[in-house]
Structure formats: C-alpha cells, structure tokens
Protein chains: 2
Amino acid sequence: MRDSVQKVALDLSSKIESGEWADGYRLPPERRLAAEHGLARNTLRQALSALEQRGLIVRQVGRGTFVRAESRPALADGLLAKMRNASPVDLIEVRLIIEPQAAALAATRASGEDLATIEAALRQSVLAKGTAEFEHWDAALHLAIFRATKNSLLVDYCEAITSIRNQPRWHRLKQRTVTPASRHLYNRHHSTIVTALRERDAETARKAMIEHLTTVRDHLVGAAS
Amino acid sequence: MRDSVQKVALDLSSKIESGEWADGYRLPPERRLAAEHGLARNTLRQALSALEQRGLIVRQVGRGTFVRAESRPALADGLLAKMRNASPVDLIEVRLIIEPQAAALAATRASGEDLATIEAALRQSVLAKGTAEFEHWDAALHLAIFRATKNSLLVDYCEAITSIRNQPRWHRLKQRTVTPASRHLYNRHHSTIVTALRERDAETARKAMIEHLTTVRDHLVGAAS
DNA sequence: CCCTCTTGAGCCAATATTGAACCAATGTTC
DNA sequence: GAACATTGGTTCAATATTGGCTCAAGAGGG
C-alpha cells in the first residue's frame, strides 16, 4: 500500500487529539504498534517521527513514547490563576448560576450535622466585628452550604471561589462595598436561606440565594460606576 | 510489563486515598506485596518510594510501612487534580446546573462568528465516525457554546470539564454508554439547542440543554446498574 | 526500466525489571 | 540476655524491553 505513513499518522493523531490517548499516556511499543497496524516497524516509525515533529509525542530511548504532556500541566497550574483573573461581574454571574441550585440541593440533602455547621457560621457572621471577620464567616457559611450538597465537585468549586475572594484586589473592593447597611441586609438574606434549609424548602432557598446574590451584584456594579 | 512502577503506585495510592487502607494502617511487607503484584521487590520498592515522597506512607526498618496519619491536609495540591476524582454522577449534576444557564446566556450574547463555530462543531459531530471522534466534536460544541457567553470563568469551567472527560477512566465509561442510538438522540438534542441559539430563544435553549443532560445522566446511571 | 515506498532483519544504546545476596533495625521467644 | 524471625535498606549483575539506526531486498506505480 502506498502512503501508509500518512494514514497511520492520521489514525494515531486522531487518537491523541480526541483524548483517547490522554496527555502523558504511554503509547504501545513501536514493534507492537507496527504489528497491530500491519506495517513494518520502519514505516510506522516514520509516522511517529511526523507526530514527534508536530509536537504531539515525545520519544525516550528505553522508556517508550509518550503523548506530550506540555499542554495539560499549563492548564492544571493555570486554571486557578486564570480564574483569579476573572472580572467581578463574571464571577458573580457564575455564582448566580450555581449557588441557588446548590442551595436547593442542600435543602434536600443536608444532614443535621450540616445544618448545625451552617447555623454556627451564620451566628458567627452576625457577631463579626470587622469586615475581614465578616467575610471569613460569610465564606464559611457558603462553603458549609456546598458541603451539604454532598457533591465533591461543588465543594471544589466553592473553595476555588473562596480562594479568589481572598485575594488582595477583592479585599479592597469589598471594603468599598460592604457597609453596615449592606451587612445588615446580607444577614437577613443569609438568615432566610438557612431557615429555608432547615425547613427543607428547596424552592425558597433557591429564591433567597438568587435575591442575595443579585443584591451583591448590584452593590458591586454600583461601586464600580 | 514495562511501567509496573507507575501502575502499582497508582494502585496502592488509590487504596490509601479511598480509605481502604486508613491512617495508621500497616501495609503488607514489601516481599509479600511484590509477590501479590507479581513484581520483583526492587520494582515494588520504587513505587513505595514514590508514595513516601508524596507523604502518603512512612517506612520504618524492622517495623513495617504505615499509612501516614495527617497526610490529607498537607496535600493541598491542585484544584484540577481534585476535580478529576469527582464521580460521574457528581459531574453530570454540576453540568445540569451550569450548562442550561450557559446556553441561555449564549442565546442572548452569541455573535455571528460564535454561531458559525457552534454550527461547524455540530456538523462535524454528526459526521464523526468513531466514538472518540464524536466525543471530540461534542466537547468542541459545548466549549463553543461557553465561549459565546463571553464569560471567561464559564469558559475555564468548560475546559476543566473537558479535561476531566478526556481521562482514560471516562473513556471506558463512554465506550459502554455511547451507542449509535444514543448518538442519534444526542444529535437531535444538539440540533435543537443550536437552532434555539440562532433564534435567540434563551428559554428553549435552556430547556433543550436540560433535556439533553438529563438523557446523558440517565444513560450513565443506566449503564452503572 | 527507474524511482519511491515498504519491508524485514539485525545491531546498538538507553532504560526497566529481575533475582539474589547481605546489612540494619525491630520484635518475639525462650 | 541470647537466639531467632521479620522487616525495610542497599547493592549488583543479569536479563528484558524499547527507541535509534542502517542496509539490502521486495513491491508497485510511472
């Protein structure tokens, strides 16, 4: 057959680009690949060389051939970093998507222990003296709600959000936007949410969270303008 | 076998992280572990050394090897790494929260260019020959929808989801669940969503996405049982 | 016939794994 | 306390696996 090289190169690269062979995956040995494709090893090696030149794979004598893991680590390291660069408006938009649903889930799934943790965080946030302390317990409250959903991905998400909100640039923004009046309002919102959770009222919890985050967003854009 | 070290290291660490080998548990002697895994002791020792370096175990001459207590908090590694351990059900639950809203946002914000990209991805996914190729264009389609929201956080989220779905363990699951019939159904769903986007019909786009992901979830749990 | 692609085989160098032996620290038994 | 067994720590040579490379012969289209 003519041009087997291009054919097998296409086949292999599609396996890589589709994710079937993920980053860091170790390809079968050349000799086996050649046998599986019904080709001589030399021919298959030409295909591999092409992929290597395109940067898709890395070959190491005595170790094997690997899907190049250069693209993914950049994402792994960069995901949080990229999220940290998100704008406040983008962030609150995402929170408005996720957190009402999370609150609704928490209403149906929270254990008694979860509720106790949530209520403790609420009490502490009401008692908090400074802005920093209030923010701490506010974050703890939201996190406790996410834990109550029993969904580890949601917990991860909330921790990421918290880490974003703990950055210095956000601190400055908060200090401009969090006034005694707004704190009082936020406490009322939080209280409504927690009450709804205790009464297993998913719909009320969702709506209360929407109202809460909408208020936060309006304060943010008000402060920005 | 060639990469026995990594394999057995993964096996052992999963036993620890899953809790099967709790904190303080004493591992079987190296010689026994090696025999059970069909490896030479030296090879298995390399795997143990890797775990030791990661802080998962402690080795004591003459006493044995122990799962390290307090190992968990010290391992604040990567957000993405943690997300990768999420269960399929957790993942689809989060997708059901976010993606319908994202579709609704995309309906109001997508540019003509965005719509062209989305429709191209849809066409490619319909034409795709294998499961891998279909998955590739399916992911591209969802990503294009997220890009159309103009919210960088949502795009980051979608890329994280895609990277999770590209893992080998997910690949096996997909190969069991994606049949020609389900692919046909998914194509219909995708088509409905894209049409709604083009017509700027946010509500229809949201509902179509909900129906789509609900179907995917049902296929998943159906395959699991 | 000529040219290119492909094959099959062999050899080399780098790496991985094995298998065994011996040492050192700890625990157990008498 | 002494003898013995168990366990991790270390070293080393032998073997297996793997990619890097070369070359002569075959296959197939112009």
Side-chain angles (χ1 to χ4, degrees), chain A residues 1-17 20-71, chain B residues 1-17 20-71 74 168:
Chain A
M1 187 162 339
R2 210 75 168 179
D3 264 344
S4 318
V5 173
Q6 291 188 25
K7 261 187 199 168
V8 73
L10 204 62
D11 180 33
L12 296 179
S13 67
S14 85
K15 278 204 167 87
I16 293 174
E17 279 160 3
E20 181 176 343
W21 286 351
D23 281 350
Y25 177 82
R26 177 172 159 197
L27 275 61
E30 293 179 349
R31 290 166 174 88
R32 177 131 49 96
L33 272 181
E36 286 170 357
H37 285 81
L39 295 174
R41 191 176 153 225
N42 274 336
T43 312
L44 185 128
R45 273 179 60 73
Q46 292 181 48
L48 286 182
S49 297
L51 297 193
E52 185 178 28
Q53 206 149 20
R54 283 167 52 193
L56 284 175
I57 59 173
V58 171
R59 304 205 272 187
Q60 297 179 31
V61 179
R63 282 177 43 83
T65 304
F66 301 84
V67 175
R68 183 167 172 172
E70 295 307 317
S71 52
Chain B
M1 192 87 52
R2 195 56 192 186
D3 249 350
S4 319
V5 172
Q6 291 188 26
K7 261 188 200 165
V8 72
L10 205 63
D11 180 34
L12 297 179
S13 67
S14 81
K15 279 205 166 87
I16 294 175
E17 279 161 3
E20 182 176 340
W21 287 351
D23 281 353
Y25 177 82
R26 177 177 158 183
L27 274 62
E30 293 179 349
R31 290 167 175 88
R32 176 129 51 96
L33 273 180
E36 286 171 355
H37 286 82
L39 296 175
R41 189 174 155 226
N42 273 335
T43 310
L44 185 128
R45 275 179 59 73
Q46 292 182 48
L48 287 182
S49 297
L51 298 193
E52 185 179 29
Q53 205 151 19
R54 284 167 50 192
L56 264 62
I57 58 173
V58 171
R59 305 205 271 189
Q60 297 179 31
V61 179
R63 284 177 40 84
T65 304
F66 301 84
V67 174
R68 179 175 172 174
E70 310 282 345
S71 65

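Just so it is clear, the values below take in all heavy atoms, side chains as well, and ignore hydrogens, waters and symmetry mates. Convention: sequence-line order gives letters A, B, ...; per-chain numbering from 1.
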For B:Q6, what residues pass the side-chain hydrogen bond (donor to acceptor under 3.5 Å, both in side chains) criterion, not counting sequence neighbours?
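Residues passing side-chain hydrogen bond (donor to acceptor under 3.5 Å, both in side chains) with B:Q6: none at all.
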
All side-chain hydrogen bond (donor to acceptor under 3.5 Å, both in side chains) counterparts of A:N42, not counting sequence neighbours:
none

Within residues 42-51 of chain A or reaching into it, pairs that qualify as salt bridge (Lys or Arg N to Asp or Glu O under 4.0 Å) - sequence neighbours excluded
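Qualifying pairs, neighbours excluded: A:E30-A:R45.
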
Taking side-chain contact (heavy atoms from CB on, under 4.5 Å) as the test, write out the residues that go with [X], two or more places apart.
X     : result
A:R31 : A:R41
B:R63 : B:Q60, B:F66
A:Q46 : A:V5

Which ones in residues 30-40 of chain A lie close to DNA chain D, meaning a heavy atom under 4.0 Å from one of its atoms?
A:E30, A:R31

Of all pairs that satisfy ring-ring contact (aromatic ring centres under 6.0 Å, His included), the ones with a partner from residues 22-45 of chain B, not counting sequence neighbours
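Sorted result for residues 22-45 of chain B: B:W21-B:Y25.
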
Which pairs, with at least one residue in residues 41-60 of chain B and sequence neighbours excluded, count as a ring-ring contact (aromatic ring centres under 6.0 Å, His included)?
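Listed by first then second residue: nothing to list.
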
With sequence neighbours left out, what residues match A:E52 under salt bridge (Lys or Arg N to Asp or Glu O under 4.0 Å)?
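Salt bridge (Lys or Arg N to Asp or Glu O under 4.0 Å) check on A:E52 returns A:R59.
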
If I take atom CZ in residue A:R26 and atom P in nucleotide C:dT15, what distance separates them, rounded to the nearest angstrom?
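Distance check: A:R26 CZ to C:dT15 P gives 14 Å.
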
Could you check how far CZ of A:R41 sits from P of D:dC21, rounded to whole Å?
11 Å

For DNA chain C, the residues among residues 42-50 of chain A that have a non-hydrogen atom under 4.0 Å from it:
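Within residues 42-50 of chain A, the residues near DNA chain C are A:N42, A:T43.
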
Every protein N/O within reach of nucleotides 24-30 of chain C N/O, cut-off under 3.5 Å:
from   : atom 1 : to    : atom 2 : distance (Å)
C:dG27 : OP1    : B:R63 : NH1    : 2.9

For a quick test of reading the model, state the closest non-hydrogen atom pair linking A:I57 to A:T65 and the distance between them.
CD1-CG2, 3.7 Å

